Amino acid sequence: MAIIRVSDISKYAGQDITVQGWVYNRTDKGKLCFLLVRDGTGFVQCVAFKGDLAPELFEQIMRLPQESSVIVTGAVREDKRAPGIPGGFELGIKDLKVVQTAEADYPMALKDHGVDFALDNRHLWLRMQSQWAVLRVRATVMAATREWLDTNGFVEMSTPILTPAAAEGTTTLFETEYFDEGKAYLAQTGQLYNEANIFSFGKVYCFGPTFRAEKSKTRRHLTEFWMLEPEIAFCDLDQLMEIEEQMITHIVQRVIRERTPELKFLGRDIAKLEAIQAPFPRISYDDAAKMLVELREKETDPEKKELLKFDWGIDFGAPHETAITQQFEKPVFVYGYPTAVKAFYMEPWPGRPEVCKSVDLLAPEGYGEICGGSERISDPDLLLKRIHDQNLPEEAFKWYLDLRKFGSVPHSGFGMGTERVTTWLCGTEHIREAIAFPRTIKRVYP
RNA sequence: UCCUGGCUAGCUCAAUCGGCAGAGCGCGCGGCUGUUAACCGCUAGGUUCGAGGUUCAAGUCCUCGGCCAGGAGCCA
C-alpha cells in the first residue's frame, strides 16, 4: 500500500493509501470513531465504523490515547465536513497498526495554555497545529530567501560565530572563554566579515544564528535568532532598497503559494499579504519625523500620546514604528537616520553629515522593523576617524581598515530577522512562536 | 534596569465586604453512526508560589522574598 503525505491527500481521492503519523485528537460516537491524525505534512481525519472492522481493532481505536503513533490504511474520500489541514478529505479506516500507545498523561490539551506552561513544554507544544503551521511558514521563508539570493548571483558565506571583540560594543554580547586567547564572543552580526567577502565574491550573504545579550523583554526580541545578512559591492543605498523589496516580495509570494493552508489555519488575512509587491514606499527620516508629529497631535489616548513623544535626532522606538507602519499597506523604507544613533561604519549623506545612508524596512500592521541596513563608509580616512571618534580600538579593526586600502568601492548590506518576518507573515502575537526552541532573557529550557 | 499585572486541581480560570475550596477541559467509568477544542451521565483530583504578620476567621488584608508575563529602553 502506498504511503502518502497528508499534504498530498487530494491527489488520492477514491484510492486506498497508508498514512504514518500520530493521533492528534479522538472523538468517538458509539459505533463511529474519528481520529485526527497528523503526519508532519498535515492533519487528516480518519473515520472508523464499528461495522467495517474487527471488534478488537475497533475497540483498540476507540481507546487510543492522544499522541499514540499509528500506521493507518484506508480509502480517501472527499467530504466537505472533514476537518484538518488542508482538510476536505478523510480516510475511511480499513486497517490500523499501533506503533506505540502513548501514555495517558500527555500534558498539552487542545485548549489554551498559559505562556509559561506552553514554553516549559515546548518540546510537546511544537506538535500543536498552530505551532506546526508557524514553523512550516518559517522554513518556507528561509528556503525562499536562499532561493532568491542564489538565483540572483549571491554566494553564501559562513561568517564566524565565535568572534573577537565587538563590532558595536561588548555590552550586548555573550562572552565565553577561548583557550589562552582570552575572551571570545558569540557573533551578533557577520557584516564585517561579509564586507571582506564581497571583495572576493562581489555579492554574498550569511544566514545563521546570531546572538544578542540585550535585556530586551518584548514580543519582538529573542536572544538567539536567525539573521540573513546580504552584502553587495558596487551598491548604493537606492540599489540596496531595490534588492530588499525584490527579495521580500519573492519571500511573501512563495509563502502564499506554498503555505496557504497553514496561513488560513492561523487565521491570516491572505489578501493583505497578496498586496506585498515591490516597489515599497520610501520615506526619509525627516518626513517620518513630521508624520510622527502629526500622528501625535491626532492621538487622543494620553498614554499613547506620551509614548509617541518625539524630537528630531532620536531613534524610533517601537510605538513610533507602529504608528508609521499603520499608515501603509506595504512594508515601508525609512532612510537617512541621524548619524548619531547609528553604527560607526555608515556612509554620511552627501552634504548632510548629521544624517547617514541607513535604511530600515518596517513591516505593516504594526510589526515593525524586519530589515536594517546601510551603505558603508568606503573612504579609509573617514572610517579611521569614525573608529577614533567612537573610542573603538584601532588595532582590532586593522583588518577591516585594510578593506578600504585595497580596491575600496561603494558597498551596502542589510540584516533581516527571520523570526520577525515569520511573525509578520503569520500574524502571530509573539516572536517566541517563530522559532522551535526560543531563547529569551528568561528562558534557556528546554 | 524601570513601570504595570499575575501566581488557586494536570491545564484554563472563578471564589461578592475577610466567612463551607468551585467550574470547564483533561484522566478514569458508562452512553451515543458525522464529530469539528463533540455531546450527555458518573467518579477521582487541593500544602491557594514561599516565609512571616493582623484577625474569632486569610485564597482574599499587611511585610519580605521567589517565579512568570506585558510594556519601556536597545535592536533584526
Side-chain angles (χ1 to χ4, degrees), chain A residues 24-36 43 45-52 58 62-63 65-66 79-85 87-88 90 92 103-121 124-125 128-130 168-169 171-172 188-191 207 209-229 303-304 306-307 309 314-322 341-343 360-363 367-373 414-424 429-432 434 440-443:
Chain A
Y24 187 69
N25 193 17
R26 191 193 70 240
T27 303
D28 54 72
K29 266 196 67 58
K31 292 176 179 135
L32 181 61
C33 181
F34 300 97
L35 298 180
L36 190 58
F43 294 70
Q45 173 162 280
C46 303
V47 188
F49 278 100
K50 192 172 188 177
D52 294 345
F58 186 77
M62 289 282 277
R63 292 178 175 280
Q66 187 184 4
D79 192 320
K80 287 196 174 65
R81 296 171 296 185
I85 305 174
E90 64 180 21
E103 301 278 332
D105 58 347
Y106 184 68
M108 303 307 290
L110 298 179
K111 300 211 170 196
D112 292 335
H113 290 288
V115 174
D116 203 29
F117 181 83
L119 285 173
D120 279 344
N121 290 282
L124 303 175
W125 189 27
M128 306 301 289
Q129 281 176 319
S130 59
E168 302 166 39
T171 53
T172 62
Q188 61 173 353
T189 172
Q191 180 202 318
F207 199 2
T210 184
F211 306 88
R212 303 277 167 95
E214 293 155 5
K215 298 204 169 173
S216 300
K217 223 166 77 69
T218 80
R219 67 181 68 182
R220 285 199 278 272
H221 286 86
L222 295 166
T223 58
E224 176 181 325
F225 65 98
W226 279 62
M227 184 158 67
L228 167 77
E229 293 181 279
E303 207 171 306
K304 285 185 186 164
E306 177 64 24
L307 286 171
K309 259 171 82 173
I314 69 164
D315 204 354
F316 296 142
H320 303 120
E321 285 184 1
T322 301
V341 299
K342 289 291 181 183
D360 284 354
L361 182 62
L362 311 180
Y367 280 93
E369 184 176 353
I370 49 173
C371 297
F414 67 95
M416 178 191 87
T418 306
E419 292 78 16
R420 285 193 178 174
V421 171
T422 304
T423 303
W424 162 49
E429 193 69 16
H430 199 295
I431 196 167
R432 64 183 158 230
T440 60
I441 181 171
K442 288 291 183 184
R443 188 171 292 275

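All values reported here derive from a predicted model rather than from experimental measurement. Residue numbers begin at 1 in each chain, while the letters A, B, ... track the order of the sequences. These numbers come from the heavy atoms of this one structure, side chains and all, not from hydrogens, waters or symmetry mates.
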| When you compare B:rU8 with B:rC67, how far apart are their C1' atoms, in angstrom units rounded to a whole number? | 16 Å
| remark: Parsed dot-bracket for RNA chain B after applying the Watson-Crick and G-U rules with both distances under 3.5 Å and | for other-strand partners is (((((((..((((.....[..))))..((((.......))))......(((((..]....))))))))))))....
| task | For A:E306 and B:rU4, give me the distance from atom CD to atom P, rounded to whole Å. | result | 15 Å
| request: Test for a donor-acceptor pair under 3.5 Å between the base of B:rC75 and the side chain of A:R420, counting only N and O atoms. | output: yes
| B:rC39 to B:rC20 separation - C1' atoms, rounded to the nearest Å | 32 Å
| request: Determine the Euclidean distance between corresponding C1' atoms of B:rC25 and B:rA37; express it in Å to zero decimal places. | output: 9 Å
| query | Taking the P atom of each, how far is B:rG65 from B:rA44, in whole Å? | reply | 42 Å
| request: Round to a whole Å and report the spacing from NE2 of A:H113 to P of B:rC25. | output: 15 Å
| request: Tell me what A:R63 touches on the nucleic acid: a base, only sugar-phosphate, or nothing, going by heavy atoms under 4.0 Å. | output: sugar-phosphate
| Distance between C1' atoms of B:rA15 and B:rG59 (Å, rounded) | 8 Å
| field | Atom-pair distance (CG on A:L228; P on B:rC75), nearest Å | value | 20 Å
| message | Whole angstroms only, please: what is the CG-C1' distance between A:D116 and B:rC49? | response | 12 Å
| request: Could you check whether A:E229 gets within reach of a base, just the sugar-phosphate, or nothing at all, counting any heavy atom under 4.0 Å? | output: nothing
| Sugar-phosphate only, base, or nothing, as touched by A:F225 at under 4.0 Å among non-hydrogen atoms | base
| request: For nucleotides B:rU48 and B:rA9, find the distance between their P atoms and express it as a whole number of Å. | output: 9 Å
| B:rG34 P sits how many Å from A:F49 CZ, rounded? | 8 Å
| request: For nucleotides B:rU1 and B:rU60, find the distance between their C1' atoms and express it as a whole number of Å. | output: 32 Å
Quick one: which protein N/O atoms are closer than 3.5 Å to N/O atoms of nucleotides 43-45 of chain B? Pair and distance per line, please.
none

With 3.5 Å as the limit, what N/O pairs link the protein to nucleotides 72-74 of chain B?
residue, atom, partner, partner atom, Å
B:rG73, O6, A:K217, N, 3.2
B:rG73, N1, A:K215, O, 3.1
B:rC74, O2, A:S216, OG, 2.6
B:rC74, N3, A:H221, NE2, 3.2

| query | Separation of A:F117 atom CZ from B:rC11 atom P, in whole Å? | reply | 6 Å
| field | Interatomic distance, A:W226 CH2 vs B:rA76 C1' [rounded to whole Å] | value | 15 Å
| said: Quick check: do A:E214 and A:I441 have side-chain heavy atoms less than 4.5 Å from each other? | reply: no
| task | Ignoring hydrogens and angles, answer whether the base of B:rG70 and the side-chain atoms of A:E429 contain a donor-acceptor pair closer than 3.5 Å. | result | no
| query | Which is true for A:R432 with a 4.0 Å heavy-atom rule: it touches a base, it touches only sugar-phosphate, or it touches nothing? | reply | sugar-phosphate
| request: Write down the distance separating the C1' atoms in B:rG5 and B:rG45, rounded off to the nearest Å. | output: 30 Å
| said: By the 4.0 Å heavy-atom rule, please label A:E90 as base, sugar-phosphate, or nothing. | reply: base
| request: Nearest-nucleotide wise, let me know which of A:H430 and A:G415 is further upstream toward the 5' end of RNA chain B. | output: A:H430
| Quick one: on RNA chain B, does A:A109 or A:T27 contact a more 5' nucleotide (nearest heavy atom)? | A:A109
| field | Nearest to side-chain heavy atoms of A:V115, which nucleotide of B:rC27, B:rA69, B:rG34 | value | B:rA69
| Any A:K29 side-chain N or O less than 4.0 Å from OP1/OP2 of B:rG34 | yes
| Please give, in whole Å, the distance from B:rG6 C1' to A:K442 NZ? | 15 Å
| request: Give one of base, sugar-phosphate or nothing for A:G114, where a contact means two heavy atoms less than 4.0 Å apart. | output: sugar-phosphate
| remark: Side-chain contact check for A:K111: nearest option of B:rU35, B:rC25, B:rC75 is B:rC25
